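Written below as structure tokens is the structure these notes are about.
Sequence positions, counted from 1, serve as the residue numbers for this chain. Being a predicted model, the structure only gives us computed values, none of them experimental.
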Amino acid sequence: MGNQPEKGKTLTIGDLLKPHSKALAVGLLAVIGEGLVNILEPWPLKIILDNVLRSKPTQSWFDQFILSTIGDDKLAIIKYAAVAVLVIAAIGALCSYTEKYLTTSIGQWVMHDLRRTVYFHIQRLSLTFHDQSRTGDLISRVTSDIDTLQSFITSGLLGALTNSLTLLGMVGVMFYLNWRFTLIALSVAPVLFVVVFVYTRRIKKATRAVRKKEGEIVSIIQEVLSSIHVVKAFAREDYEQERLETQSLESVEIALRARSLKAKLSPLVEVIVAVGTGLVLWFGARMVLVGSLSAGSLVVFILYLGKMYKPMQELSKMTDDYSKAAVGYERIREVLDAEGDVKDLPRARRAPRFKGKIEFEKVSFSYEPDSPILHEVSFTIEPGQLVAIVGPTGAGKSSIISLIPRFYEPSSGVIRIDGYDVRKLNKQSIRQQISFVLQETLLFHAPVWQNIAYGKPEASRAEILHAAEIALANEFIEKMPQGYDTMIGERGVTLSGGQRQRIAIARAVIRDTPILILDEPTSGLDAESEKLVFEALDRLMEGRTAIVIAHRLSTIRRADIILVLKDGAIIESGKHEELLKAGGLYAEFHELQFRSEQDEQVSSPGEKAPGALP
């Protein structure tokens, strides 16, 4: 149910409730019925007091209607009043059930619609947004903040309307009975609303601080649990425990300040209500004694007064739910109003099947305005070529491969694939034709076959087996307890580094894309795993445009082009032998690594680093 919001349009509560307008209409009728029931509840007692226990006849139209309909038989009037009590209670029960059932249903569907809308939007925001956001805080907005909004819709939305209609109806009837007496009863209302208004603003501010701190706590928990291996490796459990306790204590202090405000509001309302009730009793009893008000009317006033103050009290107590919902909605809106810096143009077209030619023309890029990463980088990669990018840490290698699939937009310059400016192509259609094998392979808590088919969920069993065979992953998968149905631990922690990389290669194979990007695919692997991964990569890169980032120069000797980056600019380009003869930065890198590999061989006789130069 529900639709995604139109681009450029802010999602409002009205947008969320619009798909449920019919249910809301029925709920509104039920609310009106509840309001009428609340207004009618005291009247059977008034009938008894004024027409059965009266000391003198009354002349109101209602009493005349009772006498003309039922007659003066007191037993018949009592029966009529008793039946009226049952009928009013039955109608009230039906209306109450209908209202609560519908609001609960609407609340659940709104939560579903809003959660999928926020999740949809978060996934489509650019990496710049995610780089600057804390994952735990985003999780809090998708879960806790949406839950508070759902709770308000379930318990507060039509409940507030019920209380408001009841309040207005009772005030109207009270004015009809005796307008002067009604003014006395309502004399405390302005004070009550001023107190509620002032405290509502203060409670909302305190609630916002509580929600912000809760988001920070979730972020800490998420960071620690996702990096638990690092925490244990450095024996930082006590530090992380102390860090969480510090944040939790701050959260307790903020929550107690908010609770203090909420705790003060309810007693204040009760005192104000007691003052109003005392005024009514004082003036009402005197009016009954002098005969200007019937005893039945006084009882109706007293009952109405209790029922009238009750909605006021309920509305004041709802300030807590309202504040939480308002703050939650503001936090959700902050995410929905965030716009990624990578957007499809209004007339962006779907990319055709690529051949794999990639061009950078004077491309500059920076993550922050004052910190440029790339400076007018230009190069051309022909279809089917293997291109290696090397350079010191921070030179801009990862930035180049992130610009090709439009994870980020360049500050200036043009990037083309097969002659098409990538900014004029739909970014999803570009990414569907690029496969990645990254330094850190992220696997999901799912069966092996599902991890392999992640980029092509409709893949057949035969395609999955073929991809695993090409990636040299079938040999260890078949030895697992349930084979391809074996569940992999979260982030792939139950597998070795080499096994994770070969599953990542199988994931890339099954997509069969014309462009392949490899970011340090063998980093941190042992000699045997590295050899197997190289064999799998050779099979994967065949016939594809491949871009490789590698620190081990021995792994990229057969590249068609090697681009050497330094300080965000290409300072050398060519084949391996050409760059060695040039005696530049690449030659320096090669000399350093050649010596390092020789030292390793001396320290470990009989072993030879994989891919090492002779």
For the pair [X] and [Y], find out whether any cationic side-chain nitrogen is under 4.0 Å from an anionic carboxylate oxygen.
| X | Y | result |
| --- | --- | --- |
| R502 | E475 | yes |
| D421 | R416 | no |
| R243 | E240 | yes |
| R353 | D418 | no |

Residues K213, E216; criterion salt bridge (charged side-chain N to carboxylate O under 4.0 Å, His left out); working and verdict: CA-CA 5 Å; K213 182 58 65 175; E216 292 175 3; 2.9 Å; yes

Could you check whether any side-chain heavy atom of I452 comes within less than 4.5 Å of a side-chain heavy atom of Y484, counting everything from C-beta outward?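 In contact.
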
Within residues 399-409 or reaching into it, pairs that qualify as side-chain hydrogen bond (donor to acceptor under 3.5 Å, both in side chains) - sequence neighbours excluded: D131-Y408, D344-R406, Y367-S399, R406-E409

Please report the C-alpha distance between D485 and V448 in whole Å, then the side-chain angles of each, then the deciding distance to 0.1 Å, and finally whether the side-chain contact (heavy atoms from CB on, under 4.5 Å) criterion is met. CA-CA 6 Å; D485 293 319; V448 173; over 6 Å; no

Tell me if the aromatic rings of F407 and F436 count as close, with their centers under 6.0 Å from one another.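 F407 vs F436: aromatic centres under 6.0 Å.
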
Among residues at least two apart in sequence or on other chains, which ones pass side-chain hydrogen bond (donor to acceptor under 3.5 Å, both in side chains) with E359? none

Let me see the working for D147 and R115 under salt bridge (charged side-chain N to carboxylate O under 4.0 Å, His left out), right down to the final yes or no. CA-CA 9 Å; D147 286 343; R115 183 169 290 157; 3.2 Å; yes

Can you name the nearest heavy-atom pair linking Q433 to P352, along with the distance? NE2-O, 2.7 Å

